[in-house]
Each structure stands twice: as structure tokens, then as C-alpha cells.
2 protein chains.
Amino acid sequence: MPKNCNFIEKLREVGLRPTKQRIKMCEVLYNREKTFHFTINDLVKIISEKMNEKISLATVYNTVHAFEKKGYLKEISIDSHKSYFDTNTSAHHHFFDEDTHELIDCDESDIDKINIRKKITGKKINSVEVLVRVASDNQTQK
Amino acid sequence: MPKNCNFIEKLREVGLRPTKQRIKMCEVLYNREKTFHFTINDLVKIISEKMNEKISLATVYNTVHAFEKKGYLKEISIDSHKSYFDTNTSAHHHFFDEDTHELIDCDESDIDKINIRKKITGKKINSVEVLVRVASDNQTQK
DNA sequence: TCAATAGTTTAGAATTATTATAATGTAGAT
DNA sequence: ATCTACATTATAATAATTCTAAACTATTGA
């Protein structure tokens, strides 16, 4: 979803009623310079602490899943204990910082095109994603 | 861990006491032709149904994590709702069948070497892993 | 051989993330 | 303004995992 767009119209377009909770969540998620990576817990904290809004936990879950279904959010699997979501819904790769638990998008140019030689009969490839895990290299330095 | 190896010695080597629960779990996990991908739930079912053994759920969790810590199992993140483990602990890529929820190892030769151009200052790359999601392509066929 | 002890197993309680429920509220159409 | 279908909410339920503390057992060394 583009930054500063008319969220009310955008929501209506895909058949989601523009409630005040959904509009507020759009602002939190999409009025940003960079793409945003978050867990539900992060989001709930931002809404309640930074925005000083009260949106029920169930609504946050419902809305995140509704946005995901409509293609406005993408789920990223990194850690089996938490669900990460990404406002960048295009096919792209990630760096995951194991120290800070932060996700970083890769640009198209950061990783060469992946060539998959293996074919599985009767199956088509839905996505190819690379996860690069990084951590501080202090240990190896003097 | 090699197939049909002396699990008792192997466990002692890394400082894990060879209890009957751990030896039984070694047999289930490592006495196989191919590498084994499983969730804790899968494993508990195999132990109780196929092996007709009773190992406490807490012990299965403890032991899987002990084996992981000692480098005999590797956790794979695919689905944020479940933890998958892999008896192949080397760096390698996976196919994930979204219909059957089955994981398939990629051979070295299945995917070209991945070239990462991006550098993150102060961080070293710990791993680079590719996940190829596949699903039935019935939809696109006549 | 046998007791001491440190590590292990266990059932069940606790915790955490997520989803379901059912009552109340609200957007959009008439 | 009223109706109706969809949304929101607090709370209960569920599922995966971890914690707890008591009972058990492999190892050590007398």
C-alpha cells in the first residue's frame, strides 16, 4: 500500500470496510519511508504506546490476517516461535540479524537470480526465498 | 549421527548420559536411509504408535533440544506455527511441499551457489538458506 | 559392591501465541 | 432513520512449548 494514500478508498477497493481501527493500522503500517517488518506483539505495542490508541488484540490479529489475505502484508518465517510480517509484499530476500532479531530487506541487486535445477513432478514452484542469517563478528576480531 | 552407530558411546562423547529414552530416540531419528524431517508432534506419534514406547512429552522436547545443542539436529523455519527439525545438520536448502507440509532436502547440485553482494558492517554471515515452496500444479492443467 | 551425587525423567501446572465465541457496535444501503 | 451484514471487543479456548519439583538412574569413587 503506498505511503499517505487514501486508505479509506484503498480498503473499500478490496472489500474491507474502512473502520477506524483499520485506518489507524494502515497509518501505522504504511505511512513510513521504508518497508516495515514486525511481529503482532511489536504492532500492538506501537499502537498502544506510540499512538496511544486502544485496539483489541483480536482486532489486530484479524486485521493483519485480512491485510495478508488481500495481499497488503506478507508473512515471513524465520523463527518458529514468532510470526513476522512484512509490508513489502513483492518476492524478495532477507537478512536476519540474530543479535537484534531484526529483519532487513534485500534489494533485487543484492543476490543473484537463484537457479533451481531440481524439478518435482506435478508440483510448481510458488516462491524461492533466501534467508541470510547474520550476527556480530566481534568474536573474530582483536 | 551415523546410521546404526554406537549411540551409547556417541551420547557419552558429547556429555549426554545414555539413558534408555535417549537411545530409543537415536534409533528413531538416525537409523534411517534418508535424512529425517519432523515436528515434535510427528516424533511423539512415531515413538508411541510405531515403537510402542512411552516417553514423556517433556523428555521428547528436552532431548530434541539437547541433540540440537550438540549439533545432531538442526531446526528449520518454514511455518511459524510449528518447529521442524532435520537430522541433516549440514548447510543445505529445502523444498517445502505446501500441500503435504513435507520438507525435502536439496542436494548441493540442485541449486547454484548463492552470491551475496550486500555487506552489513560489523556483521558476519552465519548461514544462507533457500526455501523453495512448491504446490500441486493441477490448477494450471487441462 | 554400594552409597553419594549430579544429571534425567516425569506428570502436571504455567506460559505464550493464537484463534474462537458471542454479545455489542457500526458502515453502507435502502 | 432503519436495517443488515460485517467488525470489534472482552473473554474463553486451544495449541505449542517451557517450567517445576518430586522421583529416578547413570556414574563415580570409597
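Note on naming: letters A, B, ... go to the chains in the order of the sequence lines (proteins, then strands), and numbering restarts at 1 for each one.
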- Give the rounded distance in Å between these two atoms: CZ of A:Phe85 and P of C:dA17. 14 Å
- Quick one: B:Ile8 CD1 to D:dT25 C1', roughly how many Å, whole number? 14 Å
- Item | Atom-to-atom span, CG of B:Asn41 to C1' of D:dT18 - whole angstrom | 16 Å
- In whole angstroms, how far is the P atom of D:dC6 from the CG atom of A:Leu11? 16 Å
- Contact under 4.0 Å: B:Tyr61 side-chain N or O vs D:dT18 OP1/OP2: no
- Task: Using atom CZ of B:Arg17 as one end and atom P of C:dT5 as the other, report the distance to the nearest whole Å.
- Result: 13 Å
- Message: Side chain of A:Ser83, heavy atoms from C-beta onward: which of C:dT18, D:dA26, C:dT8 has the nearest atom to it?
- Response: C:dT18
Side-chain donor-acceptor contacts of residues 19-28 of chain B below 3.5 Å, not counting sequence neighbours, with atom names and distances?
residue	atom	partner	partner atom	Å
B:Thr19	OG1	B:Arg22	N	3.3
B:Arg22	NH1	B:Arg17	O	3.0
B:Lys24	NZ	B:Glu27	OE1	3.4

- Item | Whole-Å distance separating the OH atom of A:Tyr84 from the P atom of C:dT18 | 11 Å
- Message: Please classify the nucleic acid contact of B:Thr59 as base, sugar-phosphate, or nothing, using heavy-atom distances under 4.0 Å.
- Response: base
- Message: Using a heavy-atom cut-off of 4.0 Å across all strands, would you classify B:Asn62 as base, sugar-phosphate, or nothing?
- Response: base
- Message: With nearest nucleotide decided by heavy atoms, which residue, B:Lys20 or B:Ile40, maps closer to the 5′ end of DNA chain D?
- Response: B:Ile40
- Message: So, OP1 or OP2 of D:dT8: does either fall under 4.0 Å of a side-chain N or O from A:Thr19?
- Response: yes
- Item | Listed nucleotide nearest any side-chain atom of A:Thr63, set D:dT8, D:dA10, D:dA7 | D:dT8
- Item | B:His65 side chain near D:dT17 phosphate (N/O to OP1/OP2, under 4.0 Å) | no
- Query: Looking across every strand, which nucleic acid part, if any, lies under 4.0 Å from B:Leu57 by heavy atom: base, sugar-phosphate, or nothing?
  - Reply: base
- Query: In Å and rounded to the nearest 0.5 Å, what is the CZ to CZ distance from A:Phe36 to A:Phe85?
  - Reply: 12.0 Å
- Message: I'd like to know if the side chain of B:Asp99 and the backbone of B:Ser136 have a donor-acceptor N/O pair within less than 3.5 Å.
- Response: yes
- Message: Go nucleotide by nucleotide along DNA chain C from the 5' end; which of B:Ile55 and A:Arg12 gets its closest nucleotide reached first?
- Response: B:Ile55
- Taking for each residue the nucleotide of DNA chain C with the nearest heavy atom, is it B:Arg22 or B:Lys54 whose nucleotide lies nearer the 5' end? B:Arg22
- Residue pair B:Glu68 / B:Glu75, side-chain heavy-atom distance below 4.5 Å: yes
- Task: Give a yes/no on whether any side-chain N or O of A:Gln21 is located under 4.0 angstrom from OP1 or OP2 of C:dT26.
- Result: no
- Using the ring of B:Phe95 (Phe, Tyr or Trp, six-membered ring only), decide whether A:Lys118 places NZ or CZ under 6.0 Å from its centre and within 45 degrees of its axis. yes
- Query: To the nearest angstrom, how far is A:Phe38 atom CZ from C:dA17 atom P?
  - Reply: 16 Å
- How close or far is atom P of D:dT27 from atom CD of B:Glu13, stated in whole angstroms? 14 Å
